[in-house]
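Scroll down for the structure; my scribbles are underneath it.
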Amino acid sequence: MFSNARYKVSCRFFLVLAIPGDGAARLGLVVSRKNVPGAVQRNRLKRLIRENFRRRQSQLCGANLVVLARKDAHRHPNPALNRKLDGLLDDLLGKMRSAGAAEPGTANPDTARRESP
RNA sequence: CGAGUCAGCCGGGCAAUCGCUGUUCGUGUCUUUCGGCGCGGACGGAGGAAAGUCCGGGCUCCAUAGAGCAGGGCGCCAGGUAACCCCUGGGGGGCGCGAGCCUACGGCAAGUGCAACAGAAAGCAUACCGCCAGACAGCCGUCUGGUAAGGGUGAAAUGGUGCGGUAAGAGCGCACCGCGCGGCUGGUAACAGUCCGUGGCAAGGUAAACCCCGCCCGGAGCAAGGCCAAAUAGGAAUCCCAUGGUGCGGCUCGCACCGGAUUCGGGUAGGCCGCUACAGGUUCGCGGCGACGCGGGCCGCAGAUGAAUGAUUGCCCUCGACAGAACCCGGCUUACAGGCUGACUCGGCCU
């Protein structure tokens with residue numbers, strides 16, 4: 001998925017990859033112990049990402065996402081991270097819409113399933 | 001009021017809305033059950049350290065006649081416990097005015113080893129300055145011998161004080177203190193007491209140095225272990241077809257390879273159990289100084305599996321630290337914003 005992701009947006013805290021799909025939108029989390037050492041902070045980031053995904057789920061029209069937390073993302077408070085994620089998802093939706101106008105999405109769900117977790 | 005010691009507790013609160021997960025009830029649906037998937041309601045949903053994984057157990061599988069060796073752990077005494085390197089009580093030693101705190105606290109007159117610098121000398125040693133005697137010299141001094149009281153070195157120097165004694169001295173002798181051994185008394189014991197006897201008594205320290213002595217220890221871990229069980233490939237058994245097909249070969253002969261059906265066991269993906277009810281919590285009574293034990297009542301208190309406790313908003317306060325269960329307990333250790341309670345000690349002031 002990292003190599004054949006169709007869409008890619010990122011900032012200092014997160015990297016978001018996406019492949020269009022059909023059916024329910026799906027989310028993969030990558031929050032490594034290397035980037036975020038403490039278990040409590042790791043849980044916090046995962047909750048935050050899931051919450052944002054849940055809020056925007058209906059707009060994503062079945063896309064498969066992978067969100068990677070970068071190093072030191074846990075050093076920032078929730079409101080700042082929420083704003084960043086919100087912005088990233090906006091960018092992603094923008095890219096998907098402009099691409100979708102040119103070419104109707106033909107994703108390969110099998111590939112996505114194999115590599116998403 | 002100030003300073004301090006010990007023990008224990010709390011670890012933001014409330015409300016609304018939107019979510020996650022488990023149990024349960026109702027309901028819809030799928031194929032009837034089992035069960036799956038929805039929807040709705042109710043209830044439960046991280047910690048004092050969940051952490052480090054440092055000890056000890058339960059549980060599971062494997063191994064195992066017994067004993068020993070190796071290796072490791074522990075080490076004053078008594079008790080508690082499922083067990084412990086833990087806890088409680090007691091003893092010895094050290095620190096503090098004190099409440100209290102700390103303590104790997106068996107053995108070095110079995111063996112081996114180690115000790116920088118200083119110092120004469122640091123282990124089966126010895127005399128630098130001294131003191132004393134004798135000889136030489138005869139003003140200082142030199143040599144030989146005795147001695148270890150005084151000085152000096154050191155973390156540590158072969159018991160301390162006094163008197164006797166002596167050339168000067170020395171446990172050389174004596175008294176007291178200290179120490180060792182034996183007895184007695186108290187105590188379950190460690191140990192204490194010192195009434196008595198006895199030895200003039202030490203060539204010391206270090207065993208978280210090797211070692212010796214005593215006691216204890218089988219291994220691996222819930223990804224333990226067990227159950228259900230696709231697809232694909234391979235295996236076994238039975239039955240059927242039975243002399244067929246393919247390749248070599250000119251052909252016959254011959255050689256090699258290839259069938260179908262059913263059942264079975266192993267077993268991967270996947271699912272389920274293990275999985276939370278217990279060395280459980282709490283309260284009362286009894287026993288015990290206490291750790292804890294016994295008995296009765298009451299309570300049900302997370303079970304996730306890419307891994308659930310959150311988000312947003314509002315109000316309040318002291319403005320929120322360290323930090324996230326993964327089979328379960330008992331400990332230890334470490335991290336921690338801030339706050340609360342009780343007992344006690346020392347000092348000051350007032351009555």
Side-chain angles (χ1 to χ4, degrees):
Chain A
M1 175 117 187
F2 283 98
S3 52
N4 62 1
R6 189 164 306 221
Y7 307 108
K8 186 186 287 189
V9 287
S10 70
C11 69
R12 194 143 45 91
F13 306 143
F14 301 106
L15 168 70
V16 181
L17 307 173
I19 293 179
D22 42 7
R26 293 182 306 171
L27 174 70
L29 292 169
V30 181
V31 184
S32 72
R33 192 164 171 170
K34 185 177 152 199
N35 287 346
V36 185
V40 168
Q41 295 304 323
R42 220 159 38 238
N43 276 341
R44 193 188 118 223
L45 287 178
K46 286 196 269 187
R47 282 168 187 148
L48 193 111
I49 296 167
R50 265 199 287 265
E51 179 67 18
N52 277 278
F53 173 78
R54 192 179 62 77
R55 275 205 301 265
R56 308 296 285 270
Q57 202 166 9
S58 56
Q59 305 167 37
L60 289 170
C61 38
N64 297 307
L65 295 192
V66 166
V67 180
L68 179 138
R70 292 190 191 279
K71 202 173 178 180
D72 296 336
H74 62 283
R75 294 190 194 284
H76 298 83
N78 281 357
L81 294 175
N82 271 328
R83 278 196 299 278
K84 280 285 180 194
L85 267 177
D86 227 36
L88 285 179
L89 288 176
D90 280 340
D91 287 356
L92 182 70
L93 286 171
K95 281 190 182 181
M96 286 173 72
R97 261 195 294 275
S98 57
E103 166 205 11
T106 54
N108 189 346
D110 290 339
T111 315
R113 178 164 58 242
R114 211 177 306 128
E115 298 186 356
S116 67

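In what follows, chains are A, B, ... by sequence order, proteins preceding strands, each numbered from 1.
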Between atom [atom1] in [X] and atom [atom2] in [N], what is the gap in whole Å?
X	N	atom1	atom2	answer
Leu27(A)	C20(B)	CG	P	14 Å
Glu51(A)	C18(B)	CD	P	13 Å
Lys46(A)	A307(B)	NZ	P	7 Å
His74(A)	A323(B)	NE2	P	11 Å
Arg47(A)	A307(B)	CZ	C1'	11 Å
Arg42(A)	A325(B)	CZ	C1'	14 Å
Leu81(A)	A311(B)	CG	C1'	13 Å
Asn43(A)	A51(B)	CG	P	14 Å

Original post:
How many angstroms lie between atom NZ of Lys84(A) and atom CZ of Phe14(A), to the nearest 0.5 angstrom?
Top reply: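 Result: 10.0 Å between the selected atoms.
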Original post:
If you pin Arg55(A) and Gly38(A) to their nearest nucleotides in RNA chain B, which one's is more 5'?
Top reply: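 Of the two residues, Arg55(A) wins.
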Original post:
Looking only at atom C1', what distance separates G254(B) and G249(B), rounded to whole Å?
Top reply: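 The answer is 10 Å between these two C1' atoms.
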Original post:
What interatomic distance, in whole Å, is found between P of A291(B) and the corresponding atom of A7(B)?
Top reply: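 Here A7(B) and A291(B) have their P atoms 15 Å from each other.
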Syn-anti status, with the boundary at 90° from 0, for the nucleotide [N]:
N	value
C275(B)	anti
A230(B)	anti
U276(B)	syn
G171(B)	syn
G90(B)	anti

Original post:
So which pairs with a foot in residues 36-47 of chain A pass salt bridge (charged side-chain N to carboxylate O under 4.0 Å, His left out), sequence neighbours left out?
Top reply: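 Passing the test, one end in residues 36-47 of chain A: no pairs.
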What are the two closest heavy atoms between [X] and [Y], and how far apart are they?
X	Y	value
Val9(A)	Leu88(A)	CG2-O, 3.7 Å
Arg56(A)	Leu93(A)	NH2-CD1, 3.7 Å
Leu92(A)	Ala18(A)	CD1-CB, 3.8 Å

**OP:** Run the salt-bridge test on Lys95(A) and Asp90(A) with the 4.0 Å N-O cut-off and return the result as yes or no.
**Re:**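 No.
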Of the listed nucleotides ([options]), which one gets closest to any side-chain atom of [X]?
X	options	value
Val40(A)	G310(B), A323(B), A311(B)	A323(B)
Arg54(A)	G19(B), U312(B), G324(B)	G19(B)
Arg50(A)	A311(B), G324(B), A308(B)	A308(B)

Original post:
What is the nucleic acid contact for Asn78(A), judged by heavy atoms within less than 4.0 Å: base, sugar-phosphate only, or nothing?
Top reply: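 The residue Asn78(A) makes sugar-phosphate contact but no base contact.
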Original post:
For A118(B), which nucleotide in any strand shown is its Watson-Crick or wobble partner with both distances under 3.5 Å?
Top reply: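 The base-pairing partner of A118(B), which may sit in any strand shown, does not exist here.
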Subject >> C239(B) - base-pair partner by Watson-Crick or wobble geometry, distances under 3.5 Å >> reply: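 Its partner is G260(B) (Watson-Crick or G-U wobble, both distances under 3.5 Å).
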